[in-house]
Colleague: 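Below is one structure. I have some questions about it.
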Number of protein chains: 2
Amino acid sequence: MKPVAPSEVEQRLERLRLACRNTGMRMTHQRLEIFREVAQSNEHPDAETIFKRVREKMPTISHDTVYRTLASLEEMGLVDRVETMAGRARYDANPDCHHHFVCTRCGSIADFYLDQAPSLPEGIENLGSAESLHVQVRGICHNCKNN
Amino acid sequence: MKPVAPSEVEQRLERLRLACRNTGMRMTHQRLEIFREVAQSNEHPDAETIFKRVREKMPTISHDTVYRTLASLEEMGLVDRVETMAGRARYDANPDCHHHFVCTRCGSIADFYLDQAPSLPEGIENLGSAESLHVQVRGICHNCKNN
DNA sequence: TCTCTAGATAGGAATTGTTCTTATATAGGA
DNA sequence: TCCTATATAAGAACAATTCCTATCTAGAGA
Ligand SMILES: [Mn+2]
Ligand SMILES: [Mn+2]
Ligand SMILES: [Zn+2]
Ligand SMILES: [Zn+2]
């Protein structure tokens, strides 16, 4: 899984700075480092992974701060929660509209893109007002199949 | 949310009996009651809800049995796990190919059906072998919007 | 019908992911 | 620089799920 291009990471960090300015949310070192970890990774890390990585730079970071910050970032629309079969939430800083292939054996997640969103049935507005649509394809990833 | 038609419930229970016979899995009272709760409900209950309902008939049922049984039923393809924003897993005994509208406010889940599955991009087979496709629409349900 | 046993359950402890509590620290404005 | 609303650290608490082990039982076979 190739890393996110440095220029793209910079754009994402810039979005964080803007969002902080706009919402009055403070730009703390912790928030910067937590977001950077998500922003520079394609692997949809979970909270514990992020915690461990940030801790290498900030040894006193707490679980609470990681969870709280990820929730804030999600609220600001800077990261998405991705639903997986396992219970642990995984996060994603890719802001482009995209979908996920989830390996049911190893839990890895890969992005894919749809040319056109699936057309929803007429009745859908009877259920409620749709705000987002997520397509999740589940299967066995190449890595797992070759091992 | 209208209940599942009794004839449909019977069909589902019949599938359980068949599956037990075919796989050599024993048909215990616990399995029957746990599956019946899921089979007769449209509300995608979670494990704790199922536990409480079954406990009214079987006061000594344990959490472990409910979780273990739901996992077995999932493995047999008799129920599906539905991913929700919250951490708690929800289950569904509707065997027809369908998708979900998830209310991000109250957590309620409603079924909807697509006329045709969304066409996946060419590159998808590079990620792995797809086994299932889930479309999840998130938004605010009517119930919540009117309150 | 009775017996036998692999497989299943009950009850409670343990584990894991997440949130809460509270004392302390700090970002950013005045 | 000072002030204070906001954020953090540390660890306890909580909630969902799984593990452990003694006990039970479904269903096959005598
Ligand atoms: Mn992604
Ligand atoms: Mn359903
Ligand atoms: Zn895999
Ligand atoms: Zn609702």
Side-chain angles (χ1 to χ4, degrees), chain A residues 16-38 44-76 78-79 81-91 107, chain B residues 16-38 44-76 78-79 81-91 107:
Chain A
L16 172 64
R17 293 188 196 96
L18 268 173
C20 282
R21 231 162 277 154
N22 293 341
T23 65
M25 182 166 274
R26 290 180 185 168
M27 180 67 180
T28 64
H29 300 304
Q30 289 87 344
R31 278 182 184 149
L32 180 60
E33 292 309 322
I34 289 166
F35 181 68
R36 193 203 303 282
E37 276 307 326
V38 188
H44 305 79
D46 61 26
E48 183 66 18
T49 300
I50 294 164
F51 170 74
K52 283 177 181 156
R53 290 184 185 164
V54 171
R55 195 173 46 176
E56 293 180 10
K57 293 179 178 177
M58 314 181 75
T60 64
I61 193 85
S62 70
H63 278 98
D64 182 62
T65 298
V66 173
Y67 281 103
R68 201 169 9 81
T69 299
L70 287 171
S72 301
L73 294 173
E74 190 189 355
E75 221 171 327
M76 292 193 289
L78 292 169
V79 307
R81 280 180 77 117
V82 179
E83 302 302 325
T84 65
M85 295 305 284
R88 306 170 77 154
R90 308 271 293 263
Y91 294 87
Chain B
L16 172 64
R17 293 188 195 97
L18 269 174
C20 282
R21 231 163 276 156
N22 293 339
T23 65
M25 181 167 273
R26 291 181 185 168
M27 181 67 181
T28 64
H29 300 306
Q30 289 86 345
R31 279 183 183 146
L32 180 61
E33 292 310 322
I34 288 165
F35 181 68
R36 193 203 304 280
E37 276 308 326
V38 188
H44 304 80
D46 60 26
E48 183 66 19
T49 301
I50 295 164
F51 170 75
K52 283 177 182 155
R53 290 183 185 165
V54 171
R55 195 173 46 175
E56 294 181 10
K57 294 178 178 178
M58 313 181 75
T60 64
I61 192 85
S62 70
H63 278 98
D64 183 61
T65 297
V66 173
Y67 281 103
R68 199 168 11 80
T69 299
L70 288 170
S72 302
L73 295 174
E74 190 189 355
E75 222 171 325
M76 294 193 286
L78 293 169
V79 306
R81 279 181 76 117
V82 180
E83 301 302 324
T84 65
M85 296 304 285
R88 306 170 78 154
R90 308 271 294 263
Y91 294 88

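Just the heavy atoms: all of them, side chains too, but no hydrogens, waters or symmetry mates, feed the values below. Labels below follow one simple rule: chain letters A, B, ... track the order of the sequence lines, proteins then strands, and each chain is numbered from 1.
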Colleague: Whole angstroms only, please: what is the CG-C1' distance between B:Leu70 and D:dT17?
Modeller: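 One finds 12 Å between C1' of D:dT17 and CG of B:Leu70, rounded.
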Colleague: Please list, in numerical order, the residues of residues 23-34 of chain B that have a heavy atom closer than 4.0 Å to any atom of DNA chain C.
Modeller: B:Met25, B:Arg26, B:Thr28, B:Gln30, B:Arg31
Colleague: Roughly how many Å is it from CZ in B:Phe51 to P in D:dT17, rounded to a whole number?
Modeller: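 Between P of D:dT17 and CZ of B:Phe51: 13 Å.
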Colleague: State, to 0.1 Å, how close B:Arg26 and B:Cys20 come at their nearest heavy-atom pair, and which atoms those are.
Modeller: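 Here B:Arg26 and B:Cys20 meet closest at O-SG, 4.1 Å.
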Colleague: How close do B:Thr65 and B:Gln30 get, counting heavy atoms only, and between which atoms?
Modeller: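 Residues B:Thr65 and B:Gln30, closest heavy atoms: CG2-CB, 4.0 Å.
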Colleague: What is the distance, to the nearest angstrom, from the CZ atom on B:Arg68 to the C1' atom on D:dC19?
Modeller: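 About 11 Å, once rounded to whole Å.
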Colleague: Where do B:Ser72 and B:Thr69 land on the side-chain hydrogen bond (donor to acceptor under 3.5 Å, both in side chains) test, with the steps shown first?
Modeller: CA-CA 5 Å; B:Ser72 302; B:Thr69 299; 5.8 Å; no
Colleague: Is the shortest side-chain N/O distance from B:Thr65 to OP1 or OP2 of C:dA10 below 4.0 Å?
Modeller: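 Checking B:Thr65 against C:dA10: at least one side-chain N or O falls below 4.0 Å of OP1 or OP2.
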Colleague: Within the pair B:Tyr67 and D:dT18, is there a side-chain N or O less than 4.0 Å away from OP1 or OP2?
Modeller: no
Colleague: Mind calculating the distance between NZ (A:Lys57) and P (D:dA9) to the nearest angstrom?
Modeller: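 Whole-Å distance recorded here is 15 Å.
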Colleague: Please give the angle, rounded to 10 degrees, between the axes at the start and the end of the helix from C:dT1-D:dA30 to C:dA30-D:dT1, where five pairs define each axis.
Modeller: 30°
Colleague: Does C:dG11 have OP1 or OP2 sitting under 4.0 Å from an N or O in the side chain of B:Ser62?
Modeller: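 It does not, given that no N or O in the side chain of B:Ser62 lies less than 4.0 Å from OP1 or OP2 of C:dG11.
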Colleague: Which whole-number value in Å describes the distance from B:Glu74 CD to D:dT18 C1'?
Modeller: 15 Å
Colleague: Partners of A:Glu33 by salt bridge (charged side-chain N to carboxylate O under 4.0 Å, His left out), sequence neighbours excluded?
Modeller: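 Checked A:Glu33 against salt bridge (charged side-chain N to carboxylate O under 4.0 Å, His left out); matches are A:Arg36, A:Lys57.
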Colleague: Taking the side chain as every heavy atom from C-beta outward, state whether B:Val54 and B:Val66 have any atom pair closer than 4.5 Å.
Modeller: no
Colleague: Could you work out, with ring-ring contact (aromatic ring centres under 6.0 Å, His included) as the rule, every residue matching A:Tyr67, not counting sequence neighbours?
Modeller: none
Colleague: Whole angstroms only, please: what is the CZ-P distance between B:Arg21 and C:dG7?
Modeller: 19 Å
Colleague: Give the minimum heavy-atom separation between B:Leu16 and B:Arg31, together with the two atoms involved.
Modeller: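 Between these two residues, the closest heavy atoms are CD2-O, 4.2 Å.
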Colleague: Does the side chain of B:Leu70 reach to within under 4.5 Å of the side chain of B:Ile34, using non-hydrogen atoms?
Modeller: yes
Colleague: Go through the structure and list residues passing side-chain hydrogen bond (donor to acceptor under 3.5 Å, both in side chains) with A:Thr23, not counting sequence neighbours.
Modeller: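 Result, side-chain hydrogen bond (donor to acceptor under 3.5 Å, both in side chains) vs A:Thr23: none returned.
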Colleague: Kindly indicate whether the side chain of A:Arg21, heavy atoms from C-beta on, has any atom under 4.5 Å from the side chain of A:Arg17.
Modeller: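 With C-beta onward as the side chain, the pair touches.
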Colleague: Grab the N/O contacts between the protein and nucleotides 20-22 of chain C below 3.5 Å, and write none if there aren't any.
Modeller:
unit_1, atom_1, unit_2, atom_2, d
C:dC20, N4, A:Asp64, OD1, 2.7

Colleague: Between B:Phe35 and B:Val79, is any pair of side-chain heavy atoms under 4.5 Å apart?
Modeller: yes
